[in-house]
Peer 1: 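Below you'll find the structure I mean.
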Amino acid sequence: LLKMAFFNLGKNAVEALAESGRQEAAITLTCGLDITRFVITLCDNGPGMPPHVADNLFIPFKTKKKGGTGLGLAITKKIIDAHNGTIACETGPTGTCFTIRF
């Protein structure tokens with residue numbers, strides 16, 4: 001199930017970058033440790049999300065995508081939660097980063 005969660009985050013980043021038309025699009029994946037937890041970040045350099053979208057990321061059936069179900073990030077969060085992890089998002093005009101801690 002964790003593969004599905006990471007796949008969904010990557011797919012969303014690719015879609016955001018494709019929609020933005022950014023010339024030098026990039027997605028970075030980093031892994032490391034903080035004091036007690038394993039930390040994975042997935043970041044893109046897309047246009048970011050407006051606050052009304054970012055505030056509802058993990059709520060089922062809320063989506064800004066045409067034809068989207070609004071379930072991808074809700075399911076991703078449930079998977080991360082089920083593995084005793086946390087997921088957080090930071091977004092702005094220079095991109096979006098999801099940080100997962102286990």
Side-chain angles (χ1 to χ4, degrees):
L1 286 175
L2 277 174
K3 288 189 288 185
M4 188 168 114
F6 289 107
F7 172 80
N8 188 56
L9 292 175
K11 179 179 174 280
N12 285 353
V14 168
E15 290 172 353
L17 290 169
E19 185 178 300
S20 75
R22 191 165 300 245
Q23 291 296 322
E24 295 186 27
I27 298 171
T28 58
L29 179 67
T30 57
C31 302
L33 294 171
D34 65 13
I35 294 172
T36 60
R37 301 188 90 184
F38 187 64
V39 181
I40 302 164
T41 59
L42 190 143
C43 300
D44 67 55
N45 66 342
M49 294 177 268
H52 72 277
V53 173
D55 291 344
N56 294 300
L57 285 180
F58 303 113
I59 298 174
F61 307 111
K62 292 272 190 170
T63 184
K64 70 172 190 145
K65 294 180 187 177
K66 185 177 181 176
T69 63
L71 292 174
L73 288 174
I75 291 169
T76 296
K77 183 173 181 348
K78 288 280 188 191
I79 292 168
I80 301 299
D81 290 348
H83 287 83
N84 296 315
T86 62
I87 183 168
C89 178
E90 291 183 34
T91 188
T94 58
T96 299
C97 285
F98 283 89
T99 302
I100 300 165
R101 289 182 168 82
F102 292 106

Peer 1: Would T41 and T99 count as a side-chain hydrogen bond (donor to acceptor under 3.5 Å, both in side chains) here? Give the steps.
Peer 2: CA-CA 4 Å; T41 59; T99 302; 5.5 Å; no

Peer 1: Without swapping roles, check the side chain of T96 against the backbone of D44 for a donor-acceptor pair under 3.5 Å.
Peer 2: no

Peer 1: If you measure from CE on M4 to CG on L9, what distance do you get to the nearest 0.5 Å?
Peer 2: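 Between atom CE of M4 and atom CG of L9 there are 11.0 Å.
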
Peer 1: With respect to the side-chain SG atoms, do C97 and C43 come within less than 2.5 Å?
Peer 2: yes

Peer 1: Indicate if V14 and L71 have the same hydrophobic cluster label, given that clusters are the connected sets of ILVMFWY residues with side-chain heavy-atom separations under 4.5 angstrom.
Peer 2: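 Yes, it is one cluster - the side chains of V14 and L71 are joined through contacts under 4.5 Å.
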
Peer 1: Distance-only, no hydrogens or angles: does the D34 side chain make a donor-acceptor pair with backbone N or O of R37 under 3.5 Å?
Peer 2: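 Between the backbone of R37 and the side chain of D34 there is a qualifying donor-acceptor contact (under 3.5 Å).
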
Peer 1: Can you give me the closest heavy-atom contact between L42 and A13, atom names plus distance?
Peer 2: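 Closest pair (atom of L42, atom of A13, distance): CD2-CB, 3.9 Å.
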
Peer 1: So which of I40, T91, L57 actually passes side chain to side chain contact (heavy atoms under 4.5 Å, CB included) with F98?
Peer 2: L57

Peer 1: Quick one: CG on L1 to NZ on K78, what's the gap to the nearest 0.5 Å?
Peer 2: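 Spacing of CG (L1) from NZ (K78) equals 13.5 Å.
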
Peer 1: Quick one: list whatever passes salt bridge (charged side-chain N to carboxylate O under 4.0 Å, His left out) with D81, sequence neighbours left out.
Peer 2: K77

Peer 1: Report yes or no: does N45 contribute a side-chain atom to a donor-acceptor pair with the main-chain N or O of G95 at less than 3.5 Å?
Peer 2: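 Absent.
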
Peer 1: With rounding to the nearest 0.5 Å, note down the distance linking CG in N12 to CD1 in I27.
Peer 2: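 Answer rounded to 0.5 Å: 10.0 Å.
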
Peer 1: Specify the closest pair of heavy atoms between A16 and P47, including all atoms of both residues, with the distance to one decimal.
Peer 2: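 Closest approach of A16 to P47: O-CD, 4.2 Å.
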
Peer 1: Check the pair T86 / F102 against side-chain contact (heavy atoms from CB on, under 4.5 Å), numbers first and verdict last.
Peer 2: CA-CA 7 Å; T86 62; F102 292 106; over 6 Å; no

Peer 1: Within the supplied structure, the quantity of interest is the number of heavy atoms (other residues, nucleotides, ligands) at a distance under 6.0 Å from F38 CZ; does it exceed 12?
Peer 2: yes

Peer 1: Drop me the distance from F58's CZ to I87's CD1, to the nearest 0.5 angstrom.
Peer 2: 4.5 Å

Peer 1: Is L29 reachable from F7 through a run of hydrophobic residues whose side-chain heavy atoms are each under 4.5 Å from the next?
Peer 2: no

Peer 1: Check R22 against P93 and note the closest heavy-atom contact, atom names and distance.
Peer 2: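 Shortest heavy-atom separation between R22 and P93 comes out as NH2-O, 4.1 Å.
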
